[in-house]
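Written below as structure tokens is the structure these notes are about.
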Amino acid sequence: MKVLVINCGSSSAKFELIDMTNEQSLAKGNCERIGIANPIFSYKNLLTGEKIDKMEVPMENHTVAVELILKTLQDEKIGVISSVDEIDSIGHRIVHGGEYYEKSVIVDDEVIKNLEEIAPLAPLHNPAHIMGIKVVQKLLPGKKNVVVFDTAFHQTMPGKAYMYPYPYEDYTDLKVRKYGFHGTSHRYVSEVAREMLGKEDSKIIVCHLGNGASISAVQNGKVVDTSMGMTPLAGVMMGTRTGDVDPASVIYIMRKRGLSLDEMNTRMNKQSGILGIFGESSDFRDLDTARREGNERAVLAYEMFCYRIQLYIGAYVAAMNGVDAIAFTGGIGENSVGAKQHICEALSYFGIELDKEKNEQRLPGNVELSTKNSKVKIYKIETAEELVIARDTYKLTKE
Ligand code: ADP
């Protein structure tokens, strides 16, 4: 029982093949720059460690990319299967499920129709996902495809949390509201945190901190609020995204700099956040190194990044009227010792106390990092989005 997980972007296709009998990841890789100049292909056989590292291969469209993925998975030398018959089903990561989906579903004509209808809400992502599904249906006929949504887990939010105070018809006509993203990660991490806590009625704040970053408040297993919004631009400061800003500042900058809608969109999504303030890189490791060397803009960007997370944690303690655990995940959340310390130290009023020594040990896996006296548990949890997509796909298709 092997599940192929696919995440198709407009010019990329990430993939991972997972054997569901033991949840062992067999191979993974990425096709980048599909349909543009100098496409590159990366692949790793996770059983032997053999890999193809950023090889230039012609990939004029997603069909060619998926053909290359399937060919490599079956390759005599570095492949992990002898035939595509070994792939039972395919799980697709979908960024936006709108209000239609609160759970993963098997793809049928209605799903495609709904995804097409939602596409304007995620113009960069959903059309690429739909194309990915159609390519897979063509190349692997007869196999079941499942869609797993970034928005689904957040569909439990109450109206008071997801509505924006625009005229009501902007919601009814245009579907403008908060949806939230990274839901697969928030779901998995909050479930692990709930198990570690050993408590059914629980108040958990999940901080997913990667290039994109979002925070969610999960009460008794249900999201009550989350920091990303109608799009993944809202919330905390990110690698290249602003996160929350005064909406009027957007109009002001556009007017003063004479920017078009597309230019402002690019400025807010690709040139802001850590990159915008620090100026040299969007990567948190680069930021941390420069901060230690005393680079002033790096210090400012680092402090802003942590401060905005601290504010969201405070807000979500208020949203749930309490908190049992804070879980850090994502590249920064899992690996940055300094960010966890900086954020937790600023929240001592809530009785949040990080075990500094344990934090510095960088233990692998899922670990508790709070002191015995801490009123709130602090966890580092390794997210596993591909595994969750594979699990949902397996569960839905095995019947
Ligand atoms: P994505 O959102 O693309 O999935 P990741 O979750 O992989 O991103 O997170 C990428 C971020 O994690 C980068 O900013 C990277 O610098 C940061 N990161 C990775 N390893 C470390 C580390 N050891 N210390 C601090 N930051 C790290």
Side-chain angles (χ1 to χ4, degrees), residues 5-16 25 28-32 42 44 93-95 124-125 148 150 180-189 192 206-216 226-228 231-243 269-293 295 298-299 301-306 308-309 327-344 354 359-367 369 380-389:
V5 175
I6 291 209
N7 180 359
C8 260
S10 52
S11 64
S12 68
K14 282 193 198 141
F15 63 96
E16 187 160 338
S25 200
K28 66 176 181 180
N30 195 3
C31 303
E32 293 168 86
S42 306
K44 186 168 184 186
R93 179 200 173 202
I94 308 290
V95 165
L124 291 180
H125 294 105
V148 181
D150 268 21
F181 298 88
H182 290 142
T184 311
S185 176
H186 286 287
R187 179 174 121 207
Y188 174 77
V189 172
V192 173
V206 178
C207 303
H208 177 107
L209 312 177
N211 281 318
S214 63
I215 320 275
S216 66
T226 189
S227 63
M228 282 181 168
T231 74
L233 182 58
V236 294
M237 173 172 158
M238 304 174 220
T240 60
R241 290 176 230 162
T242 54
N269 276 290
K270 303 247 162 86
Q271 300 162 352
S272 297
I274 290 173
L275 176 66
I277 298 296
F278 173 34
E280 290 176 26
S281 167
S282 62
D283 193 289
F284 202 80
R285 282 165 292 198
D286 297 341
L287 177 76
D288 206 16
T289 308
R291 171 186 78 102
R292 286 168 203 278
E293 288 165 5
N295 177 317
V299 172
Y302 189 94
E303 286 182 349
M304 285 171 69
F305 181 84
C306 294
R308 286 171 166 239
I309 293 162
F328 289 95
T329 191
I332 301 167
E334 290 168 32
N335 299 303
S336 172
V337 169
K340 285 194 283 280
Q341 190 181 320
H342 206 90
I343 294 163
C344 292
L354 183 81
N359 185 35
E360 278 159 16
Q361 285 169 7
R362 297 172 178 276
L363 298 168
N366 303 331
V367 284
L369 294 174
K380 185 266 287 185
I381 295 172
E382 293 178 354
T383 196
E385 287 164 290
E386 283 74 19
L387 178 62
V388 177
I389 294 173

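Reckoned from all heavy atoms, side chains included, excluding hydrogens, waters and symmetry mates. Order of listing sets the numbers, starting from 1, for every ligand and every atom in it.
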Is a side-chain donor or acceptor of S214 paired with a backbone partner of M228 at a separation under 3.5 angstrom? no
Anything under 30° is parallel, anything over 60° is perpendicular, the rest tilted; go ahead and classify Y302 against H342. perpendicular
Can you work out which protein residues put a heavy atom within less than 4.0 Å of ligand 1? G210, N211, G212, D283, F284, R285, G330, G331, I332, N335, S336
Before giving the answer on salt bridge (Lys or Arg N to Asp or Glu O under 4.0 Å), spell out for D288 and R285 the whole-Å C-alpha distance, their side-chain angles and the decisive distance to 0.1 Å. CA-CA 5 Å; D288 206 16; R285 282 165 292 198; over 6 Å; no
Do S25 and E16 meet the criterion of a side-chain donor-acceptor pair at a distance under 3.5 Å? yes
Looking only at heavy atoms, the pair that brings F328 and G333 closest together is CB-O, 3.4 Å
Is the side chain of R93 donor-acceptor paired with the backbone N or O of I389 at a distance under 3.5 Å, no angle test? no
